[in-house]
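For the numbers below, each heavy atom of this structure counts, side chains included, while hydrogens, waters and symmetry mates do not. Both ligands and their constituent atoms are indexed starting at 1 by order of listing. These numbers come from a predicted model, not from an experiment.
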Amino acid sequence: MTLEQIKALLADMSLQEKIGQLLQLTGNFYAQEGLATGPMSDMELTQEQVDCAGSILSTVGAKQLRQIQSAYMERQPHHIPLLFMADVINGFRTVFPIPLAQGCSFDPALSEEMARISAKEAARAGLHVTFSPMVDLVRDARWGRVMESTGEDPYLNRLFCRAMIRGYQGEQVGEKDHIAACVKHFAGYGAPMGGREYNQVELSERTLREEYLPAYQAGVEAGAEMFMTSFNTLGRLPSSANRELMQDILRKEWGFDGVLISDWAAIEELLNHGVAADKEEAAYLALQAGVDIDMVTNVYANHLEQQIREGKLPMEWLDASVLRILTLKNKLGLFENPYKDGDESYDEMPEIEAAHRSFARKAAAETFVLLKNDGILPLPQAPTEQVKSIAFVGPYVEEKKICGSWSLFFRMEENVTIREALEEAAAAGKLEIPLTWGRGCQVLDYGQKRDGFREHAENGCTREELEAMEAEAVRLAREADVVVMPLGEHHEYTGEGASRTEIGIPEHQMELFRRVHAVNPNIVVVNFSGRPLDLREVSRKARAVLQVWFPGTEGGHAIVDTLFGETEPGGRLAMSFPYNVGQVPVYYSGLNTGRPHVDGAADCRCVSRYIDAPNKPLYSFGYGLGYTKFTYSPVRLSGAVLEQCQARETGGEKQLIASVTLTNTGSRPGTEVVQLYLRDLAGSVSRPLRELKGFQRIFLAPGESREVAFTITEEMLRFYRLDMIYGSEPGSFMAYIGADSNTENGAEFRLA
Ligand code: NOJ
């Protein structure tokens, strides 16, 4: 349809129909004809309102959605199609590593491809929109939703945001096998006080703009069709009522003209936040902020009409929202084909597409971060003098729940466990080394259950059986030369509503670890988690630690490939692993303070430090090992002075090239993630100690060297100055190039 046709349609719609477009319901409203009770009456909605709702969330399947769409369109007065939305976060039927793991790949192109595959599978299942990417900056490992973000760094998050949107939406969202992306959660949801879910957020305007907002803005620049408000207050104002954020920044300053949806019930929650006295006021506040869709409450549906009729709320606000929703439906091509790419044969497909599977396997290994290795990895594929047998002992050896808590549409039986991958490799003759395995314990402790938690650790096991399981595991460990221990958090211990004040590996698993360690210290820990954990003890005692996050469908294959050296662990940390929980939030790009302390420096009381723990995290942002070794030459700069843009006429350099020579000094080919960090030594406000400004993944054969160069421009030196103008200031800067955020390999230059 043309814009004129859409406007004509809008002009012809009744007030009730228009308000209907703003209502989002779940699929069970449409599962049966004319539900008199159940969801409709619970929500105080009439049949007419349900017949006019604009979108549905969390229902999938081409067949089911086709039925819902066709029955709905018959009843909708103008036969306007529904939009179908869902959380396709790290895959649909093929599940990829969780987003935090994807951030660790330092390879946005990888995420773009994962998003493209996810979009195809979701589109074939009848969906039109995914509630992804989540680009909230995260620095507090206590918060359960860090798993959904790509980490602690604004630059990295920006790149991943753009890549995912490109993958989901393609060139144009109406294209076959593409769906609309929804950037969330606007804004600042990743900084809840104390790491407690939904808690208030307090950020200075400078920190908000410089560190938290850029990834969302990248979403607008990349053409995301939708945005979602966050649950939290920011400066005491809940996002869904925050006109400044939603109208002034998102729409006016950044030019977003797509659809803004509330998070689940967030408009109604304005009452709990204490900024709306009743639902009328909540509806008013949200609409004036420009929130177009009310996710699953009746606030808009039942509390706008009268205010509009009485002239308290301008019709133009409503019209603007409806126009945006109709425009999205039009862009998706739904007026021509309301089922878009829904493909019933895909619903029935007996297996995941082979290409999707193989990509998931490759992608997972690229997100694994090798945190420690004294040379024990990679493991030998055939017996050697030192290693004649390997035991796999731990609750994740045979665990199929390896997709993370936001994977909603996969088939559990299609996930590959470590044990299955080992057996397959052994049967194919790829692994000749004798192997044994045992679980040792369950992921959850005996009797462990928390409110809202779906699972109970007693499932299928008595206490006696658990004791026997542990004894057997210890026996296997004693008899083997090397023990691989797949341990970690339960997958529901991260994600929404999963904040923790203790962030270790569960204590009963640590007891197993200690018992195994007592009989065989040759341990490789494989850690499954959705957040950085406190790994002090395992990293001290184990000989190697491989962080595998929640790796998805092909997890078992990717882990076995990596442990036995078929592939390298390709990841570098996108979020620091704290030394202990007391350090949290801990991240690499903090300020220097007036009394900086250097870990390991002479004892001095009145400096910025903890007296019982180091300042540095256990493993810092950017860190991760491969299977070979790299050396860096000192940083070279093409000149000592960079000229500001406006001074270019004076003949200065417009850009500097910072470079190093990278050499693979190990005995295996390997990939290094070469990272560029900048530091502004003195500004009108205090500047971060390091800021990531570039990185390159460089593959080198043993003995090979290569020059790795980065361009430094004036734009890269900009920040929110004292006057709150985003610009650079003349002065001295450091350019560091190295393997992680702690690198001291730097050279100084000036901005003139
Ligand atoms: C609540 C979550 O905060 C959000 O991320 C998600 O997209 C919606 N529910 C819909 O499931």
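- In terms of N/O distances under 3.5 Å, ligand 1 is not approached by Glu148.
- A salt bridge links Lys184 to Asp87: at least one charged side-chain nitrogen sits closer than 4.0 Å to a carboxylate oxygen.
- Ligand 1 does not have Met134 within reach: every non-hydrogen atom of the residue lies 4.0 Å or more from it.
- For the pair Met85 and ligand 1, no heavy-atom separation below 4.0 Å is found.
- Near Arg145, with a cut-off below 4.0 Å to any heavy atom, the atoms of ligand 1 are 2 (C), 3 (O), 4 (C), 5 (O).
- Ion pairing of Glu121 with Arg124 is absent here, as no side-chain N (NZ or NE/NH1/NH2) approaches a carboxylate O to less than 4.0 Å.
- At a threshold of 4.0 Å, the pair Arg66-Asp341 does not count as salt-bridged, since none of the basic side-chain nitrogens sits closer than that to a carboxylate oxygen.
- For ligand 1 and Lys184, the ligand atoms under 4.0 Å from any heavy atom of the residue are 4 (C), 5 (O), 6 (C), 7 (O).
- By the 4.0 Å N-to-carboxylate-O rule, Arg93 lies close enough to Glu414 to be salt-bridged with it.
- At a threshold of 4.0 Å, the pair Arg324-Asp257 does not count as salt-bridged, since none of the basic side-chain nitrogens sits closer than that to a carboxylate oxygen.
- Nearest to atom 10 (C) of ligand 1 among the protein's heavy atoms is Asp87 OD2, 3.2 Å.
- Checked by distance only, ligand 1 and Trp406 stay at 3.5 Å or farther apart across all their nitrogen or oxygen atoms.
- A salt bridge between Glu211 and Arg139 is present, with a side-chain N of the basic residue lying under 4.0 Å from a carboxylate O of the acidic one.
- For a threshold of 3.5 Å applied to N or O pairs, the pair formed by Asp263 and ligand 1 contains at least one separation below that value.
- Every N/O-N/O distance between Ser58 and ligand 1 stays at or above 3.5 Å.
- Under 4.0 angstrom from ligand 1, there are no non-hydrogen atoms of Gln24.
- Looking only at protein heavy atoms, the nearest one to atom 5 (O) of ligand 1 is His185 NE2, 2.6 Å.
- When side chains are defined from C-beta on, Arg75 does not count as touching Val50, because their heavy atoms never get closer than 4.5 Å.
- Among the atoms of Tyr189, none of the N or O lies under 3.5 angstrom from an N or O of ligand 1.
- The pair Asp177-Lys120 fails the salt-bridge criterion, with no side-chain N (NZ, NE, NH1 or NH2) lying under 4.0 Å from an Asp/Glu carboxylate O.
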